[in-house]
Amino acid sequence: MNLRMMDLFTPAELVSKIKWCEERKDLDCMNNLCICGPEYDALGAEGRDYDIYDDEPETETVPEIHINIFLKHISTLPALREVEFIPGYYSEDDGMLESSRVCWLLSKGSKIETLTIGALMVDNQSDVEKLAEAFSVCASIKALYIQPMLIGYRDVKTVAPLMKALAAMPNLKKVHICFDAFGAKKATQRYLKESAPILQAATNLQGVEVLERSHGSQYYPEVSNGRSF
């Protein structure tokens with residue numbers, strides 16, 4: 001199943017999407033969900049009207065409370081096993097996903113087994129701590145793919161708490177995380193060097209390696225024993 005984040009703009013659209021999920025819950029066929037697109041949209045995009053002669057159409061943003069309600073609602077759908085976040089319009093876009101969205105999705109009651117996140121924004125140390133707490137209570141995840149994890153190197157002193165939480169997840173078997181401190185190579189390497197030993201020492205994660213792959217014209221380090229992007 002696919003959902004555009006922009007489909008949550010108005011209360012009516014939010015209610016419609018919740019009902020949409022509930023119908024599939026009753027049918028027990030909602031086992032995978034792709035949440036795509038940014039949380040904002042220029043008026044007129046995707047069928048919204050605006051003056052074609054405007055040089056810069058206004059931008060509309062999905063209310064944060066709508067996203068919170070929806071993600072918490074779907075987090076415990078009984079058949080849902082795979083969730084993918086694609087924050088850009090297309091996979092090559094530079095859209096970013098705020099870490100709070102991942103925190104809202106994860107819960108003790110979740111049965112999600114595979115979580116794929118494109119461009120996860122970890123802006124500050126508080127984001128690291130909140131993500132660590134969220135992952136620590138969600139025991140169902142078996143595979144985690146983050147491509148990339150965008151780290152605010154000026155405000156993130158360490159990502160170790162998050163990596164320790166991932167290493168302690170009892171069912172996590174596959175992991176792939178690409179690190180990017182917004183092009184700051186020394187900071188990127190620092191986060192990699194503190195993360196890799198933690199994940200490599202996890203008894204449930206086998207064969208975790210440090211890799212470098214090409215993404216466009218740049219090279220970003222990764223820790224992985226899972227799939228390649």
Side-chain angles (χ1 to χ4, degrees), residues 35 67-68 71-72 75 82-87 95-110 112-213 215 220-227 229:
I35 304 173
I67 302 170
N68 180 307
L71 292 179
K72 286 185 175 179
S75 68
E82 183 173 352
V83 175
E84 182 175 10
F85 280 106
I86 304 175
M96 295 181 289
L97 182 72
E98 293 187 30
S99 60
S100 60
R101 283 49 177 161
V102 177
C103 295
W104 294 337
L105 178 70
L106 302 176
S107 68
K108 282 186 178 181
S110 171
I112 297 170
E113 296 179 354
T114 301
L115 178 59
T116 302
I117 307 170
L120 175 63
M121 178 64 189
V122 183
D123 193 42
N124 50 52
Q125 196 61 41
S126 178
D127 285 351
V128 174
E129 302 295 340
K130 289 176 181 178
L131 282 167
E133 181 179 358
F135 276 107
S136 69
V137 301
C138 186
S140 62
I141 293 180
K142 297 179 180 180
L144 175 65
Y145 308 110
I146 304 175
Q147 181 80 13
M149 179 183 291
L150 296 162
I151 305 170
Y153 64 93
R154 296 186 187 278
D155 297 308
V156 176
K157 294 181 179 179
T158 176
V159 294
L162 173 56
M163 298 304 142
K164 289 177 180 178
L166 298 181
M169 294 178 71
N171 294 308
L172 186 64
K173 303 298 182 184
K174 294 292 183 181
V175 64
H176 179 103
I177 303 174
C178 172
F179 295 86
D180 180 12
F182 291 93
K185 187 173 182 178
K186 288 184 179 180
T188 300
Q189 289 294 330
R190 173 164 58 86
Y191 297 129
L192 173 72
K193 288 180 179 179
E194 70 174 356
S195 299
I198 295 172
L199 296 177
Q200 289 172 332
T203 56
N204 53 315
L205 293 171
Q206 302 295 320
V208 174
E209 299 178 315
V210 176
L211 308 170
E212 281 201 10
R213 299 189 188 278
H215 302 287
Y220 300 116
E222 306 167 348
V223 289
S224 178
N225 72 344
R227 69 187 186 192
F229 286 76

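Just so we're clear, the structure is a prediction, and the values are computed from it rather than from any experiment. Any value given below was found using the heavy atoms of this structure, including those in side chains, with hydrogens, waters and symmetry copies removed. Along the sequence shown, the residues carry numbers beginning at 1.
For the residue pair Phe85 and Leu97, the shortest heavy atom distance occurs at CG-CD2, 3.5 Å. Taking all atoms of both residues into account, the shortest heavy-atom contact from Ile141 to Met169 is CB-CE, 3.6 Å. Minimum heavy-atom separation, Met149 to Met163: CE-CE, 4.1 Å.
Considering only heavy atoms from C-beta on, Leu120 stays 4.5 Å or farther from Leu150 through its side chain. Side-chain contact between Phe179 and Glu222 is absent, with no heavy-atom pair separated by less than 4.5 Å. Taking the side chain as every heavy atom from C-beta outward, Leu115 and Leu105 approach each other to under 4.5 Å. Considering only heavy atoms from C-beta on, Gln200 stays 4.5 Å or farther from Leu205 through its side chain. Between Leu166 and Leu199 the shortest side-chain heavy-atom distance falls below 4.5 Å. The closest side-chain heavy-atom distance from Glu113 to Glu82 is not below 4.5 Å. In this structure, the side chains of Leu144 and Phe135 come closer than 4.5 Å at one or more pairs of heavy atoms. Using a 4.5 Å heavy-atom cutoff, the side chains of Val210 and Leu192 are in contact.
Sorted pairs that involve residues 180-206 and meet salt bridge (charged side-chain N to carboxylate O under 4.0 Å, His left out), not counting sequence neighbours, are lacking altogether.
For Lys174 (side chain) and Asn225 (main-chain N/O), a donor-acceptor pair under 3.5 Å exists by modelled atom type. In this structure a side-chain-to-backbone donor-acceptor pair under 3.5 Å is present from Thr188 to Ala181. Listed for the Tyr191 side chain is a donor-acceptor partner under 3.5 Å among the backbone atoms of Val156. The main-chain N or O of Ser110 is found under 3.5 Å from a side-chain atom of Ser140 such that the two form a donor-acceptor pair. Using a distance-only test at 3.5 Å, with no hydrogens or angles considered, no donor-acceptor pair links the side chain of Glu129 to the main chain of Pro161. Here the side chain of Asn171 pairs a donor or acceptor atom with the backbone of Ala139 at under 3.5 angstrom.
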Apply side chain to side chain contact (heavy atoms under 4.5 Å, CB included) to residues Val128 and Val122 and explain how you reach the verdict. CA-CA 7 Å; Val128 174; Val122 183; 3.5 Å; yes
Check the pair Ile35, Glu84 against side chain to side chain contact (heavy atoms under 4.5 Å, CB included), reporting the backbone distance first and the verdict last. CA-CA 6 Å; Ile35 304 173; Glu84 182 175 10; over 6 Å; no
I'd like to know whether Val208 forms a side chain to side chain contact (heavy atoms under 4.5 Å, CB included) with Val175, so could you lay out the CA-CA distance, the side-chain angles of the two residues, the decisive distance to 0.1 Å, and finally the verdict. CA-CA 8 Å; Val208 174; Val175 64; 4.2 Å; yes
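Within the model, atoms CG of Leu131 and OG of Ser136 stand 10.5 Å from one another, a figure rounded to the nearest 0.5 Å. The SG atom of Cys103 sits 11.0 Å away from the CD atom of Glu98 when rounded to the nearest 0.5 Å. For the atom pair CD1 of Ile177 and OG of Ser224, the computed distance is 9.5 Å after rounding to the nearest 0.5 Å. The distance from atom CG of Asn204 to atom NZ of Lys173, rounded to the nearest 0.5 Å, is 5.5 Å. A distance of 12.0 Å separates CG in Asn124 from CD1 in Ile151, rounded to the nearest 0.5 Å. A distance of 8.5 Å separates OG of Ser100 from CG of Asn68, quoted to the nearest 0.5 Å.
Counting heavy-atom neighbours within 6.0 Å of Lys164 NZ, excluding the residue itself, gives a total of 12 or less.
The existence of a salt bridge linking Lys130 and Glu133 is excluded, since no basic side-chain nitrogen approaches an acidic carboxylate oxygen closer than 4.0 Å.
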